[in-house]
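To start, the structure under review is shown below, and the notes come after it.
Throughout, a chain's letter reflects where its sequence line sits, starting with A, and its residues are numbered from 1.
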Number of protein chains: 2
Amino acid sequence: MDDLTEMLKGTLEGCVLEIIAGEETYGYAITRRLNELGFTDVVEGTVYTILLRLERNRLVQVTKRPSEVGPPRKFYALNDAGREELARFWAKWQYLSSRIDKLKEGGR
Amino acid sequence: MDDLTEMLKGTLEGCVLEIIAGEETYGYAITRRLNELGFTDVVEGTVYTILLRLERNRLVQVTKRPSEVGPPRKFYALNDAGREELARFWAKWQYLSSRIDKLKEGGR
DNA sequence: TCCTGGTACCTCGTAGTACCGAGTACTGCT
DNA sequence: AGCAGTACTCGGTACTACGAGGTACCAGGA
């Protein structure tokens with residue numbers, strides 16, 4: 001697939017929120033999950049900047065835990081504000097995608 | 001609706017291309033059309049920057065025509081490169097929206 | 001005549017986001 | 001000891017949408 005980077009702006013953060021909502025997890029694993037889901041070109045650096053932003057905006061709760069296969073992991077879980085933000089994200093996504101699909105259909 | 005600006009990045013240009021593909025039209029009218037279609041907060045300045053970019057990237061053919069109700073209008077029409085770019089846009093949109101919808105459904 | 005409002009275009013600066021590259025550090029295996 | 005895989009951080013860059021302001025053309029009313 002062509003370069004999606006511009007189109008990902010504004011949606012990638014929501015995707016990360018959704019992944020965290022599904023289970024408490026950490027940056028490296030989130031990157032892998034995104035790649036699995038078809039966001040093949042998303043790299044670690046990008047995910048970490050999003051995670052730091054989520055933390056700064058107090059949408060997640062962070063827990064550091066040791067790992068048996070490498071350095072300690074920072075596990076992320078949504079808090080109430082994070083769940084609200086996720087709901088807002090899906091509302092926006094639904095709104096946008098419905099408008100775009102309408103435009104595609106000939107938009108009358 | 002909440003602020004969509006970040007989510008619009010990468011998609012707005014495609015929307016403008018689609019509108020131009022539908023009929024030869026000009027900036028001011030395109031802005032109105034977008035507003036009608038639900039992109040209520042898109043302002044003229046944004047559309048003009050997109051149109052200048054399309055022109056710079058040689059995706060459109062531009063024709064200036066006088067108007068009876070104001071200053072002359074710059075009409076935009078897609079050329080072959082523009083139609084190709086539009087097709088690429090829809091392919092990317094389809095790809096992205098299918099991945100996101102999959103993620104929303106629980107993403108297995 | 002002047003002024004307002006609608007039409008139509010352009011430009012500059014700003015903020016936000018994804019990405020790249022490089023660096024640090026821990027573990028287990030050879 | 002060296003290496004590969006895991007895991008996080010940071011600084012800089014490119015691109016995009018937007019806000020604010022400006023220019024200009026036309027019609028109608030005070």
Side-chain angles (χ1 to χ4, degrees), chain A residues 1-17 24-35 39-57 59-60 62-76 85 89 92 96 100, chain B residues 1-17 24-35 39-57 59-60 62-76 85 89 92 96 100:
Chain A
M1 173 54 51
D2 260 25
D3 188 27
L4 285 179
T5 66
E6 287 308 324
M7 228 180 241
L8 284 175
K9 291 188 179 177
T11 65
L12 206 48
E13 180 177 317
C15 295
V16 171
L17 281 172
E24 192 182 33
T25 181
Y26 55 98
Y28 192 78
I30 292 169
T31 309
R32 291 296 162 84
R33 186 94 186 85
L34 284 169
N35 295 152
F39 304 94
T40 51
D41 294 338
V42 174
V43 294
E44 292 171 46
T46 300
V47 174
Y48 288 114
T49 56
I50 291 172
L51 290 171
L52 291 176
R53 193 160 69 231
L54 295 180
E55 193 175 353
R56 178 162 31 90
N57 295 344
L59 300 174
V60 289
V62 187
T63 316
K64 201 162 192 169
R65 301 215 187 94
S67 162
E68 290 166 5
V69 293
R73 297 164 172 165
K74 283 175 71 177
F75 280 82
Y76 294 83
E85 182 60 28
F89 165 72
K92 286 203 280 186
L96 177 65
I100 299 221
Chain B
M1 172 55 50
D2 260 26
D3 188 29
L4 286 179
T5 65
E6 287 308 325
M7 227 180 241
L8 283 176
K9 291 190 176 173
T11 65
L12 207 46
E13 179 177 317
C15 294
V16 171
L17 281 171
E24 192 181 32
T25 181
Y26 54 98
Y28 191 78
I30 292 169
T31 310
R32 292 293 163 85
R33 187 94 186 85
L34 284 168
N35 295 152
F39 303 94
T40 51
D41 293 338
V42 174
V43 293
E44 292 171 45
T46 301
V47 173
Y48 288 115
T49 56
I50 291 172
L51 290 172
L52 290 176
R53 193 159 70 231
L54 295 179
E55 193 175 352
R56 179 162 31 90
N57 295 345
L59 301 174
V60 288
V62 188
T63 316
K64 202 163 194 170
R65 301 215 186 95
S67 161
E68 290 166 7
V69 293
R73 299 163 171 165
K74 281 176 72 177
F75 281 82
Y76 293 83
E85 182 60 29
F89 166 72
K92 285 203 279 186
L96 178 65
I100 298 217

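- Residue B/Thr49 places none of its side-chain N or O atoms closer than 4.0 Å to OP1 or OP2 of D/dA17.
- Heavy-atom nearest nucleotides on DNA chain D were determined for A/Glu44 and for B/Thr5, and the one closer to the 5' end corresponds to A/Glu44.
- In this structure the side chain of B/Leu8 reaches within 4.5 angstrom of the side chain of B/Val42, judged on heavy atoms.
- Comparing atom distances between the B/Pro71 side chain and each of D/dA24, C/dC19, D/dT6 picks out D/dA24 as nearest.
- Looking at which nucleotide of DNA chain C each of A/Glu13 and A/Pro72 is closest to, the 5′-most match is held by A/Glu13.
- The side chain of B/Tyr28 places no N or O atom within less than 4.0 Å of a non-bridging phosphate oxygen (OP1 or OP2) of C/dC9.
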task = Show the numbers, then the answer: is there a side chain to side chain contact (heavy atoms under 4.5 Å, CB included) between B/Arg65 and B/Glu24?
result = CA-CA 12 Å; B/Arg65 301 215 186 95; B/Glu24 192 181 32; 3.3 Å; yes

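- Whole-Å rounding puts the A/Lys64 NZ to D/dA7 P distance at 13 Å.
- Comparing C/dA25, D/dA17, C/dA18 against the side chain of A/Leu12 picks out C/dA18 as the nearest.
- Separating the CE atom of B/Met7 from the C1' atom of D/dT16 is a distance of 16 Å, rounded to the nearest angstrom.
- Of the candidate nucleotides D/dC8, D/dC10, C/dA8, C/dA8 has the atom lying nearest to any side-chain atom of B/Val69.
- The structure places NZ of A/Lys74 at 6.0 Å from CG of A/Leu52, a figure rounded to the nearest 0.5 Å.
- OP1 or OP2 of C/dC9 sits under 4.0 Å from a side-chain N or O of B/Tyr48.
- When all heavy atoms are compared, the tightest approach of A/Thr31 to A/Val43 is CG2-C, 4.0 Å.
- A donor N or O paired with an acceptor N or O is found under 3.5 Å between the base of D/dC15 and the side-chain atoms of A/Lys9.
- For the pair B/Ser67 and D/dC26, the criterion of a side-chain N or O lying under 4.0 Å from OP1 or OP2 is not met.
- In terms of phosphate contacts, B/Arg32 brings no side-chain nitrogen or oxygen within less than 4.0 Å of OP1 or OP2 of C/dA8.
- Separating the CD1 atom of A/Ile30 from the P atom of D/dA7 is a distance of 12 Å, rounded to the nearest angstrom.
- Atoms CG (A/Leu52) and P (D/dC10) sit 7 Å apart, rounded to a whole Å.
- Put simply, CD1 on B/Ile50 is 8 Å from P on D/dC18, counting in whole angstrom units.
- Relative to the side chain of B/Leu8, the nucleotides D/dA7, D/dA17, C/dA8 differ in distance, and D/dA17 lies closest.
- The distance between atom NZ of B/Lys74 and atom C1' of C/dC10, rounded to the nearest whole Å, is 9 Å.
- Between A/Tyr26 and A/Tyr76, the shortest heavy-atom contact is CA-CD1, 4.4 Å.
- The shortest distance between the side-chain N/O atoms of A/Arg53 and the OP1/OP2 oxygens of C/dG16 is not below 4.0 Å.
- Between B/Leu51 atom CG and D/dA17 atom P the separation is 12 Å, expressed in whole Å.
- Smallest separation of non-hydrogen atoms from B/Gly27 and B/Leu51: CA-CD1, 3.5 Å.
- Spacing between atom CD of B/Glu55 and atom P of C/dC9 amounts to 12 Å, rounded to whole angstrom units.
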